[in-house]
Amino acid sequence: MTEEMERDENVFLMGEEVAQYNGAYKVSEGMLAKFGPRRVFDTPISEAAFSGLGVGAATMGLRPIIEFMSWSFTLVCLDQIVNNAANVRYMSGGQYKVPIVFRGGNGIAHQLGATHSHRVETIYARIPGLIVVSPSTAYDAKGLLKSSIRCNDPVIFLESEKMLNETSEVPDDPEFLLPLGVANVEREGSEVTVVSYGRTMQRVTRAAVKSLVDEGVDVELIDLRTLRPLDTATLVQSIQKTGRCVIVDEDYGYCGMGQAIMASVYKRVFDYLDAPIAHVHSDEIPVPFNHYLEEAMMPSEERVIAAVKDVCYR
Amino acid sequence: MAVAQAVEPKEVTNTQGAKSGSQGSKGEVERARLRMMMLIRRFEERTYQEYTKPGQKIGGFCHLYSGQEAIAVAIAAHFRKGVDALINGYRCHGHSLALGMDPKPAMAELFGKATGCSKGKGGSMHFFDAEAGNHGGHGIVGGQLPLGLGFAFSQWYKKNSGVTFCLFGDGAINQGTHNEALNMASLLKVPCIFMVENNLMAMGTQVERHSAVTDLSQRAAGYNMPARNVDAMDLDIAIAEIGKAVERGRNNEGPSYLVMNTYRYRGHSMSDPLKYRPKEEADKWKARDPITLYEARLREQKLVDDPWLETAAEEIAATVNEAIAKADSDPHPELDDRFDDILAETYPYGS
């Protein structure tokens, strides 16, 4: 964010506690000191006002970064994102661009209870007019966020509170960008395609894949990076090659992200499949507070490994 | 036919918006204002006829502005194209015409045609004219207030001394966005002029049944901004009162709240037969019709006379008829056009 604000005067940051408090999760630490109160703003707890403010400012040529403490809180301002950010270009016959990034923590963070643990990907990924991005490493987060800020469309940027302390090699090059709408084949393999994204990728999928590879299963691992538009070309190519696929996410099963991904590719891979595509997802329950219950509802390494072995008939 | 140019002549669209033109012939500005109110009324009443005609060619929800014309025209008296912004609810035809939209693309949008101001993708509730500073036309009650806040924020950010006219009906004051947007506008001290077009009815629910206070200016009391009740049936009063809020905005003194007290002659939308409204109430308001009132004033000042009024009425009738005929014969969008105007970029992006 700092690099992009240095590069472009029209970029500003707004959200709850982003300025004087230095970020509820310290994401924006030092930014108020660096850029001053004209470009870094604390807001009242008024999600509808400041998300809509961002949309209005974006249509006037500014490039807002709007931080939500949690994507769960956007249930109170869905109208601003779904009706205004996503629709205004279309409804006006193309008279506006809406270059805005909405970002914040998505999904189950740890004992925050049902109201603060929503996984919002399918709420937004089903809306034409929005771009939905979900990074799974610090490297991806930087490259994808910079691309999102430079993008002329509204981007839903799904982070995770539990990943903010993650470290990985990150290029210093201020022109380091990763393309939106392109999945990353993280490991090439021949036997089964495992598809995942975001926090789940980091929490369980990578570890499960490592165990499987150690056991001799030749897994191809795909990190989606962008959920809308979905990179179906990479998925189809991979599944046609391996003939098997397991999708892993933290969303619900019914009407969940995994089912939407499945439906997007099924027809084109059907004749190549040696087993039905499997989906490892969270249990169909509100998110419980108790640590053990919460853990139990989410995909685990064991569940992923079992699903992969199942489609491989091992 | 110069109706489309009958928006405020150049000399009044300056900071002293309310001042009459010093150039041009005497009364030119006043006549243009009267003429614009007449055009809006005619446009809306002809829309009503077209909507209700057998073989209905206008579809969807349609909300008419008849009775409230003075507000749109008073805003236009102050509006600085290039820096100012206007945003509105779904009763948006009148403001669009007042800010200079040609009746042809306006009517074509009602017919859903490719030549419409939103290419047939917006409809009656979503007229847009970005170049004029007219940012819609929004269908969700109160949903536009945060956007108006954002326009005012960008004017503040760019320091361009623009102001935002953020309009909504009295029904919208009960939405949460009203609280959130007013509070933030005041905290940020941005040049947003919140204007309640108080036509006394939130759809079919009278103001005394939907608001805990009926003096709606009190609804701004908790936000540290000046609030005023305005007699919005009187164009001159409306221009003067809006002028104070505009000046405050341009001088970086922050937002204002104006309750524009007015009356709508037609139902909430086309399906509303207005059964809930006593005739005496309507008659009382119609006795102070904004067009009749202003016309009488200009007659008194000898700025208009019968021949001028007759000619103006004829020309306006012809203009609106032309717009209807053209909208009728204009093409529908190509079916493939439905996929256009969704995203600004092509993806993969940034590779």
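Please read all numbers here as calculations on a predicted model, not as lab measurements.
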Checklist entry - With a 4.5 angstrom heavy-atom cut-off, which part of N152(A) approaches chain B: side chain, backbone, both or neither? => result both
Checklist entry - Going by atom types alone, do Y347(B) and D153(A) pair a side-chain donor with an acceptor below 3.5 Å? => result yes
Item to check | Stepwise side chain to side chain contact (heavy atoms under 4.5 Å, CB included) check, L343(B) with I131(A) | outcome: CA-CA 9 Å; L343(B) 295 168; I131(A) 304 299; 4.1 Å; yes
Checklist entry - Yes or no on ring-ring contact (aromatic ring centres under 6.0 Å, His included) for F153(B) and F41(A), after CA distance, side-chain angles and deciding distance? => result CA-CA 12 Å; F153(B) 174 85; F41(A) 299 87; 5.2 Å; yes
Checklist entry - Non-hydrogen atoms of chain B under 4.5 Å away: do they reach the side chain of T226(A), the backbone, both or neither? => result neither
Item to check | Step-by-step side chain to side chain contact (heavy atoms under 4.5 Å, CB included) determination, Y90(A) to H126(B) | outcome: CA-CA 10 Å; Y90(A) 194 74; H126(B) 308 113; over 6 Å; no
Checklist entry - Under a 4.5 Å heavy-atom cut-off, does chain A meet the side chain of F127(B), its backbone, both or neither? => result neither
Checklist entry - After noting the C-alpha distance and the side-chain angles of Q144(B) and N84(A), does the key distance pass the side chain to side chain contact (heavy atoms under 4.5 Å, CB included) rule? => result CA-CA 8 Å; Q144(B) 77 275 24; N84(A) 290 342; over 6 Å; no
Checklist entry - In Å and rounded to the nearest 0.5 Å, what is the CD to CD distance from Q95(A) to E131(B)? => result 9.5 Å
Checklist entry - Does the side chain to side chain contact (heavy atoms under 4.5 Å, CB included) test come out yes or no for K159(B) and R38(A), once each step is laid out? => result CA-CA 11 Å; K159(B) 299 188 177 108; R38(A) 193 175 155 267; 3.8 Å; yes
Item to check | Per-residue contacts, residues 173-193 of chain B versus chain A, heavy atoms under 4.5 Å | outcome: T177(B), E180(B), A181(B), N183(B), M184(B), L187(B), L188(B)
Item to check | Region of N134(B) in contact with chain A, defined by heavy-atom distances below 4.5 Å | outcome: backbone
Checklist entry - What option among S118(B), A130(B), G148(B), G122(B) has the most heavy-atom pairs under 4.5 Å with chain A? => result S118(B)
Next on the checklist: Under a 3.5 Å distance rule, please check whether Q80(A) uses its side chain to pair with a backbone N or O of G143(B) as donor and acceptor.
Outcome noted: yes
Item to check | Top of G181(A), P99(A), G54(A), G129(A) for chain B proximity - count of heavy-atom pairs under 4.5 angstrom | outcome: G129(A)
Next on the checklist: Main chain of G94(A), side chain of K121(B): is a donor-acceptor contact present, judged purely on distance under 3.5 Å?
Outcome noted: no
Item to check | side chain to side chain donor-acceptor pair (under 3.5 Å) between Y349(B) and R150(A), intermediate numbers included | outcome: CA-CA 10 Å; Y349(B) 166 81; R150(A) 295 187 193 187; over 6 Å; no
Item to check | Interatomic spacing from CE in M91(A) to NE2 in H138(B) - rounded to 0.5 Å | outcome: 6.0 Å
Item to check | Non-hydrogen atoms of P348(B) and V182(A) that approach each other most closely | outcome: CB-CG2, 3.2 Å
Checklist entry - Is it the backbone or the side chain of A152(B) that comes under 4.5 Å from a heavy atom of chain A, or both, or neither? => result neither
Checklist outcome for this item: Scanning both residues in full, the closest heavy-atom pair of V11(A) with Y157(B) reads O-OH, 3.6 Å
Checklist entry - Between CZ of R89(A) and CG of D340(B), what distance do you get to the nearest 0.5 Å? => result 9.5 Å
Item to check | Structural part of I342(B) lying under 4.5 Å from a heavy atom of chain A | outcome: both
Checklist outcome for this item: On a heavy-atom basis, the closest approach of P146(B) and A48(A) is CB-O, 3.4 Å
Checklist entry - Would a distance-only check, ignoring hydrogens and angles, find a side-chain to backbone donor-acceptor pair under 3.5 Å from E345(B) to C151(A)? => result no
